[in-house]
Amino acid sequence: MALWQSGTLCDVRVRIPLVTGGYETFEAHRVVLAAGSDFVAALLQRWESTPPNEDYTIDLPDMCPESFKYVLHYLYKGECAVPAEDATF
């Protein structure tokens, strides 16, 4: 988790659209995202032949930044406490 929090060796960006326009961008590690999500793993496998210095950016247009923060926390820490006011279904 320390590597992620410090941005050390992050090799992928995830862009989430903001309601006000633009994007919020999250840095992460491909191996962590792929291990936690078959969907992301499939996306990343398509990039296997991409040169290592290439920009890896995943756009998730149907996600909100607040929710994705919880997803990342869960993927890196293995647990996540979502306050009731943030839990919408």
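Below, each value reflects all heavy atoms present in this structure, side chains not excepted, and no hydrogens, waters or symmetry copies.
- Rounded to the nearest 0.5 Å, atoms CG (Leu18) and OG1 (Thr25) are 8.5 Å apart.
- Between Pro61 and Pro17, the closest heavy-atom pair is O-CG, 3.6 Å.
- Side-chain atoms of Thr57 and Val12, non-hydrogen and from C-beta on, never get closer than 4.5 Å to each other.
- Distance CZ/Phe68 to CG/Leu60: 6.0 Å, rounded to 0.5 Å.
- Applying the side-chain contact (heavy atoms from CB on, under 4.5 Å) criterion to Tyr74, with sequence neighbours excluded, gives Cys80.
- Side-chain heavy atoms closer than 4.5 Å link hydrophobic residues (I, L, V, M, F, W, Y) into clusters, and following such links, even through other members, never connects Tyr70 to Leu75.
- Cluster annotation: Val32 and Ile16 are assigned to the same hydrophobic cluster (Ile/Leu/Val/Met/Phe/Trp/Tyr, side-chain heavy-atom contacts under 4.5 Å, transitive).
- The salt bridge (charged side-chain N to carboxylate O under 4.0 Å, His left out) contacts involving residues 29-44 comprise Asp11-Arg30, where partners must be two or more places apart or lie in separate chains.
- Remark: Glu24 pairs with Lys69 by the salt bridge (charged side-chain N to carboxylate O under 4.0 Å, His left out) rule, at least two apart or across chains.
- At least one side-chain heavy atom of Phe26 sits under 4.5 Å from a side-chain heavy atom of Pro65.
- Note: the hydrophobic cluster containing Met63 also contains Val40 (ILVMFWY, side chain heavy atoms under 4.5 Å, direct or indirect links).
- Smallest separation of non-hydrogen atoms from Cys10 and His29: N-NE2, 3.5 Å.
- Following chains of ILVMFWY side-chain contacts shorter than 4.5 Å, one can reach Tyr76 starting from Tyr56, so the two form part of one hydrophobic cluster.
- Under the 4.5 Å side-chain criterion, counting only non-hydrogen atoms from C-beta, Leu72 is in contact with Leu33.
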